[in-house]
Amino acid sequence: MTFSSSRIFSSLFFFFAVFVFLSLLVSQISQNFNQLFLIFSYPHRAFDFISNVLLFLWVLMCVGFCIYMRKKRHHKSLESILSIFIAFFVSIVLILRIIKSQLEYQADSINYAVNDTISGFILWKFFDIFVYCVSYGLLVFLPLLLLAFKLRLNPFSKWGNLLEKYKPSICVSLFVLFALALQPYYAKKNLLFYFDVALFYVALALLIVSLWRNKELFSFYEYANILWLVVGVLAFSASSKLIAQADYSSARILFLIIALMAWCGDFMSAIINGKFPPSSLREFLPKSLKSRKKKNPPLPSPTSFPKSTKN
């Protein structure tokens, strides 16, 4: 039985996409629950709680993979060490998010007052902007540019082979695109928000070109996730006024976590299913370290010296 990362995380993405759609729909058509999406997106409410649960599951996934690699005697491989680092980093993020939720906050009026200016918004949302830029660059533009222009990394180079293994899949890029599509398309507070929309349209154009030039790489899950992306763009466009009133970054972070979990699940499932062997750290050590190890072999133990004989 093979472990399918695309199937698991596409199902997870589908569930929470429907959850967001329903919260927007109920907020639009119901008078009694017209604040439902705003309540869910409020700091430390539904979306933030779900994100914390996903972060905890992400840590468990990395720990389980490390245990599997240790049983297979590959605990010194690059993937095993990377999983330990990811589990440690995600644990710190989760702890900081929990601590932050327990602290007292200033009035929301200060937040809205700061967000009225572009400089104030950058200072207030610096971490979110950094996460969005990294997501756009590494998880969307880089893999889609390679697909759109039919560029291939050199598989005969050790670094090219390594980057090909860890290159984000099409599903991961679609998850990130859905997260970045969750925004108001008009009624923006300042001009900086329209730059976010422009980047999203460029990424969407790259996706269309990639689909046109690489149809053989798109399977059922890719097409299904594209369909949900189109539905999401239409739903978010129709709900722009409502989304503009909410702190929609919490819902965005939720789908970005799913995308990063899917990226980890891709290389973990590839190793578990035997698609590629674990990478050894010795392959990526500098030549100076390798030559130093060869020039300075370990000293033999005292018991290995021959016994002296008396004439």
Side-chain angles (χ1 to χ4, degrees), residues 1-17 53-90 135 138-140 142-144 146-147 150-178 210-211 214-228 255-284:
M1 182 178 178
T2 59
F3 172 72
S4 177
S5 174
S6 299
R7 183 185 307 169
I8 293 174
F9 290 103
S10 293
S11 302
L12 190 67
F13 166 72
F14 165 76
F15 176 80
F16 287 112
V53 173
L54 290 176
L55 288 174
F56 179 72
L57 294 177
W58 191 0
V59 173
L60 292 182
M61 183 178 74
C62 293
V63 172
F65 179 74
C66 292
I67 294 174
Y68 171 83
M69 295 295 284
R70 188 169 186 84
K71 287 184 178 180
K72 296 294 182 178
R73 297 182 179 180
H74 295 308
H75 56 280
K76 294 183 180 180
S77 64
L78 179 63
E79 290 80 11
S80 182
I81 295 174
L82 179 62
S83 300
I84 294 173
F85 173 78
I86 292 174
F88 176 74
F89 179 77
V90 174
S135 301
L138 298 181
L139 301 180
V140 177
L142 181 61
L144 291 183
L146 292 176
L147 288 176
K150 286 194 171 184
L151 301 176
R152 296 290 184 270
L153 298 172
N154 185 10
F156 300 102
S157 169
K158 63 179 181 180
W159 290 107
N161 188 25
L162 181 69
L163 292 176
E164 185 67 29
K165 291 179 181 179
Y166 291 102
K167 184 179 69 176
S169 64
I170 300 174
C171 283
V172 172
S173 299
L174 290 173
F175 297 158
V176 177
L177 272 177
F178 184 89
S210 301
L211 176 60
N214 303 273
K215 294 181 180 179
E216 68 280 359
L217 300 178
F218 288 75
S219 62
F220 169 77
Y221 293 106
E222 282 77 12
Y223 283 113
N225 293 328
I226 289 175
L227 177 62
W228 283 112
F255 290 102
L256 288 178
I257 292 174
I258 294 176
L260 290 172
M261 289 178 68
W263 173 73
C264 289
D266 285 341
F267 74 80
M268 291 178 182
S269 62
I271 291 179
I272 293 175
N273 296 331
K275 292 183 178 180
F276 62 80
S279 303
S280 175
L281 282 176
R282 294 181 180 179
E283 300 177 5
F284 306 97

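Basis for what follows: all heavy atoms, side chains included, without hydrogens, waters or symmetry-related copies. Quick caveat, the model's predicted, so the values are computed rather than measured.
Screening F16, F13, W228 for a ring pair (Phe, Tyr, Trp, His ring centres under 6.0 Å) involving F178 leaves a single residue, F13. Applying side-chain contact (heavy atoms from CB on, under 4.5 Å) to D266 and the options P168, S169, C171 leaves one that passes, S169.
Counting heavy atoms from C-beta on, the side chains of M268 and C62 come closer than 4.5 Å. In this structure, L78 and L162 have side chains that are in contact, with non-hydrogen atoms separated by less than 4.5 Å. Contact check for L12 versus F9: side-chain heavy atoms found under the 4.5 Å cut-off.
The distance from atom CG of L211 to atom CD1 of I226, rounded to the nearest 0.5 Å, is 5.0 Å. Atoms CD1 and CE, on I271 and M69 in that order, are 4.5 Å from each other to the nearest 0.5 Å. Put simply, CG on L144 and CG on L139 are 10.0 Å apart, with the number rounded to the nearest 0.5 Å. Note that the CG atom of L54 and the CZ atom of F255 stand 10.0 Å from one another [nearest 0.5 Å]. With rounding to the nearest 0.5 angstrom, the CZ atom of F14 is 12.5 Å from the CD1 atom of I258. To the nearest 0.5 Å, the span separating CG on L260 from CZ on F175 amounts to 11.5 Å.
For F85, the CZ atom sits in a loose shell: 12 or fewer heavy atoms of surrounding residues, nucleotides or ligands are nearer than 6.0 Å.
Closest heavy-atom contact between V59 and V90: CG2-CG1, 3.6 Å. P278 and S77 get closest at one heavy-atom pair: CB-CB, 3.7 Å. Among all heavy-atom pairs drawn from L146 and K167, the shortest one is CD1-CD, 3.9 Å. Scanning both residues, F218 and S210, for their nearest heavy atoms gives CE1-O, 3.8 Å. Nearest heavy-atom pair across E222 and L217 is CD-O, 4.4 Å. When all heavy atoms are compared, the tightest approach of W263 to V172 is N-CG2, 3.7 Å.
When atom types are taken as modelled, the side chain of N214 and the backbone of L147 share a donor-acceptor pair closer than 3.5 angstrom.
A search for side-chain hydrogen bond (donor to acceptor under 3.5 Å, both in side chains) contacts involving K275 returns nothing, not counting sequence neighbours.
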- What's the verdict on side-chain contact (heavy atoms from CB on, under 4.5 Å) for R7 and Y221, showing C-alpha distance, side-chain angles and the deciding distance? CA-CA 7 Å; R7 183 185 307 169; Y221 293 106; 3.1 Å; yes
